[in-house]
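Everything below concerns the one structure shown next.
Each chain gets a letter, A, B and so on, in the order its sequence line appears, and its residues count up from 1.
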Number of protein chains: 4
Amino acid sequence: MVSTKRLSARPARESGSERRAELLAIAGELFASRGFLATTVRDIADAAGILSGSLYHHFDSKESMVDEILRDFLDTQRRTNERVLREASDPRAAIIELIRQSFAAMQHHQAAIAIFQNESKYLAQFERFGYLRQAANEFERTWTRVLQDGQRSGAFRADLNVKLAYRFIRDMVWTTVHWYNPRGKLTSNVIADQYIKILCDGIVVP
Amino acid sequence: MVSTKRLSARPARESGSERRAELLAIAGELFASRGFLATTVRDIADAAGILSGSLYHHFDSKESMVDEILRDFLDTQRRTNERVLREASDPRAAIIELIRQSFAAMQHHQAAIAIFQNESKYLAQFERFGYLRQAANEFERTWTRVLQDGQRSGAFRADLNVKLAYRFIRDMVWTTVHWYNPRGKLTSNVIADQYIKILCDGIVVP
Amino acid sequence: MVSTKRLSARPARESGSERRAELLAIAGELFASRGFLATTVRDIADAAGILSGSLYHHFDSKESMVDEILRDFLDTQRRTNERVLREASDPRAAIIELIRQSFAAMQHHQAAIAIFQNESKYLAQFERFGYLRQAANEFERTWTRVLQDGQRSGAFRADLNVKLAYRFIRDMVWTTVHWYNPRGKLTSNVIADQYIKILCDGIVVP
Amino acid sequence: MVSTKRLSARPARESGSERRAELLAIAGELFASRGFLATTVRDIADAAGILSGSLYHHFDSKESMVDEILRDFLDTQRRTNERVLREASDPRAAIIELIRQSFAAMQHHQAAIAIFQNESKYLAQFERFGYLRQAANEFERTWTRVLQDGQRSGAFRADLNVKLAYRFIRDMVWTTVHWYNPRGKLTSNVIADQYIKILCDGIVVP
DNA sequence: CATGAATGAGAGTTCATTCAT
DNA sequence: CATGAATGAACTCTCATTCAT
């Protein structure tokens with residue numbers, strides 16, 4: 001039988017143990033609800049039922065925690081976006097599905113999304129978090145391309161400022177995270193449908 | 001006749017001296033761009049060319065500064081909203097003008113708006129800033145009423161979830177503050193026009 | 001009359017105020033007697049009669065304190081060495097005067113010398129303290145040159161290993177700092193005389 | 001006949017297993033090169049390829065490690081000194097042999113010597129390490145006696161301050177440990193010869 | 001014997017705030 | 001009005017040590 005013993009002498013800080021995941025979830029909730037700076041490592045430790053020093057058995061620093069949370073989310077989202085683009089039949093369907101998937105992400109990544117929204121500006125000033133800007137740029141390029149394709153194919157209004165429309169949609173989707181309640185009456189599906197309708201057809205009766 | 005001049009040389013802490021206004025402007029920019037917590041009183045003092053202790057000749061605390069910034073903005077905005085509602089001919093015109101005025105506010109209150117957006121959640125946990133929640137509720141009531149009136153009068157789609165539509169519009173307007181550049185090519189008027197068009201008629205060609 | 005008001009907004013951390021000098025003296029004594037690592041900033045603050053946080057009004061960090069102490073000492077010592085070499089008539093006189101000056105330095109720089117001796121190895125691993133290695137090399141070059149000159153001129157034994165002789169002398173001088181007591185019976189002059197005699201003529205009766 | 005084997009499987013904490021010796025050697029190197037305080041138990045464990053907690057199967061504490069290292073060295077050195085004194089024909093030969101043996105010790109006890117040199121002051125403040133001061137005193141008594149005997153017998157200069165001469169010799173010998181490289185060109189024998197020559201006859205040509 | 005999760009004390013540092021000058 | 005020295009609480013992080021598995 002093959003030994004399962006670890007070869008490395010200090011695995012905990014790097015591998016994906018269950019405890020780590022639990023702690024990251026706890027930290028994520030706090031970062032999202034109180035803000036990164038306003039959340040102390042003692043807050044996190046208290047919420048986890050351990051002492052603050054014990055967190056450093058699992059993570060190098062508070063920054064490492066938020067780093068891991070954000071990377072996880074961005075990786076997932078990037079993969080989802082790529083899949084949507086591969087499978088969409090036309091620009092209109094692509095935009096709608098991108099939006100729907102973004103709302104869907106709120107169910108499992110609400111904390112990460114909120115952190116990405118609220119703390120990117122602060123964190124991106126540190127070299128370590130340079131990838132946040134890169135990710136934002138990549139998203140922008142993706143969405144903008146779809147909007148342009150749709151405009152060329154006649155699916156979207158010609159008088160649309162694509163850059164502004166992108167920002168409009170992006171903000172519309174992500175700011176929802178601030179008030180979305182996964183246990184509330186408004187499911188992410190309902191919100192997505194309403195927003196897509198407003199976006200596509202406007203609020204005014206023609 | 002009783003003089004309106006102050007009897008004693010009251011400390012500047014309460015009067016509206018020019019220096020105060022300057023300092024508030026400096027503090028506002030920093031709060032808006034770096035975040036309230038990430039901005040130290042020394043940052044503010046440095047930017048003003050004085051020592052941090054000297055700020056306390058003008059303000060009681062860091063909180064007092066943000067408090068004054070936010071109250072100024074909310075008072076102005078409230079008065080503007082009231083005027084718009086008095087003068088608007090119908091719900092559609094009212095909504096459009098409310099949006100246009102919100103965008104217009106960005107020219108003189110960008111910092112305050114950003115702070116209101118980013119820090120309300122954090123600040124509202126302190127009793128002193130309870131008025132932030134009240135102001136938010138008041139705005140919601142105002143806008144929601146207009147949307148409902150418009151729905152009843154047949155101006156807006158009947159299948160609109162008014163609460164969601166309000167949030168949609170609110171977020172759409174306020175998040176702009178994060179990327180709006182008062183010295184950039186996109187004037188607040190252009191942004192307002194584009195957003196109103198999307199909002200009213202959607203992005204899809206009918 | 002010319003104003004003496006400072007132009008800079010934050011002078012204390014950089015200029016040479018009296019308080020700074022006092023605090024540095026206190027810190028130096030502690031670093032020398034307990035070791036740099038074993039001395040906490042709270043120890044220093046306690047000895048100075050203030051709180052630990054108050055130290056940071058004057059210094060950026062514990063490292064900055066030891067940095068300033070060491071730079072002061074090395075600068076002084078470098079200048080003294082240069083003067084001795086300029087004024088010495090021959091290598092034998094130069095070596096004797098270098099040693100005498102080194103012992104003399106103990107009266108005003110005992111703490112700095114002890115720190116330089118004890119903590120150089122630890123501190124030099126940080127980039128900031130790279131100059132410690134440079135200073136050591138410079139001292140070595142100076143002393144070695146004098147020893148070689150003396151050997152060539154026939155003043156010193158020909159069978160002397162110059163590199164070893166340098167280390168011998170250097171260690172002989174600097175280790176004294178560990179037990180030298182400026183208020184004890186053995187003045188630095190007495191020690192210097194004895195050591196120079198041993199060094200020049202040996203302990204054995206010819 | 002009573003077995004000398006231990007009756008129970010006593011924990012390795014007290015026995016002299018090979019693993020213990022290995023670990024002590026590793027710890028000794030680190031204590032010597034980085035300093036006792038600057039060496040963490042994790043450093044030691046990492047160097048040994050185990051986790052820090054596992055060290056506590058072998059030793060009670062970090063202090064126990066350094067304690068054992070120092071006791072080993074001091075015992076050996078004490079026995080060597082006693083043998084030298086028994087066998088030496090006269091004070092001059094005794095001093096020379098003491099020095100030679102001290103240099104010889106560097107080959108197997110370099111780490112211990114360095115630790116004794118660097119950390120005695122710090123460690124001796126704890127009761128447990130009171131024996132460090134005693135050992136130092138004992139060494140001083142031994143060497144001083146030999147120097148006095150030699151002075152009386154006319155072997156050493158009469159104008160020698162014995163106390164100072166002792167310190168001179170002691171420091172001369174022990175500080176070598178800071179730069180001695182057992183794999184370098186300068187063998188401990190060469191260094192001993194040079195230093196003994198300087199000590200006995202001085203550096204100046206008579 | 002070793003692991004890995006945890007403890008608990010204490011380290012260096014930050015920062016809003018105060019106040020005599 | 002401004003300075004500059006100080007406070008005091010809180011912060012992130014370190015580390016020797018313990019112990020169930």
Return all side-chain donor-acceptor pairs below 3.5 angstrom for residues 35-51 of chain A, not counting sequence neighbours, or 'none' if the list is empty.
unit_1 : atom_1 : unit_2 : atom_2 : d
A/T39  : OG1    : A/L30  : O      : 3.2
A/T39  : OG1    : A/G35  : O      : 2.7
A/T40  : OG1    : A/R42  : N      : 3.3
A/T40  : OG1    : A/D43  : N      : 2.9
A/T40  : OG1    : A/D43  : OD1    : 3.3
A/T40  : OG1    : A/D43  : OD2    : 3.3
A/D43  : OD2    : A/R34  : NH1    : 3.1
A/D43  : OD2    : A/T40  : N      : 3.0

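Among the protein residues, A/I50 comes within range of the sugar-phosphate backbone only, with heavy atoms under 4.0 Å from sugar or phosphate atoms but none that close to a base. Backbone-only engagement by C/T39 is indicated by non-hydrogen atom pairs under 4.0 Å involving sugar-phosphate atoms exclusively. Across all strands shown, C/S52 has heavy atoms under 4.0 Å from base atoms, whether or not it also approaches the sugar-phosphate.
Annotation for A/R128 and A/S64: closest pair NH2-OG, 3.1 Å, computed over non-hydrogen atoms.
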**Under the 3.5 Å Watson-Crick or G-U criterion, the dot-bracket string of DNA chain F, with | for inter-strand pairs** = .||||||||||||||||||||

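Contact check, B/H57 against F/dA2: no side-chain N or O comes under 4.0 Å of OP1 or OP2. Contact annotation: D/Y56 side-chain N/O to F/dT18 OP1/OP2 distance is not under 4.0 Å.
Taking OG from C/S54 and CZ from C/R19, the interatomic distance works out to 9.0 Å, rounded to the nearest 0.5 Å.
Rounding to whole angstrom units, NE2 of residue B/H58 and C1' of F/dT3 are separated by 13 Å.
Taking A/D72 as the reference, nothing meets the side-chain hydrogen bond (donor to acceptor under 3.5 Å, both in side chains) condition, with sequence neighbours excluded.
Both D/S54 and A/R19 lie close to DNA chain E; mapped to their nearest nucleotides by heavy-atom distance, the more 5′-ward contact belongs to D/S54.
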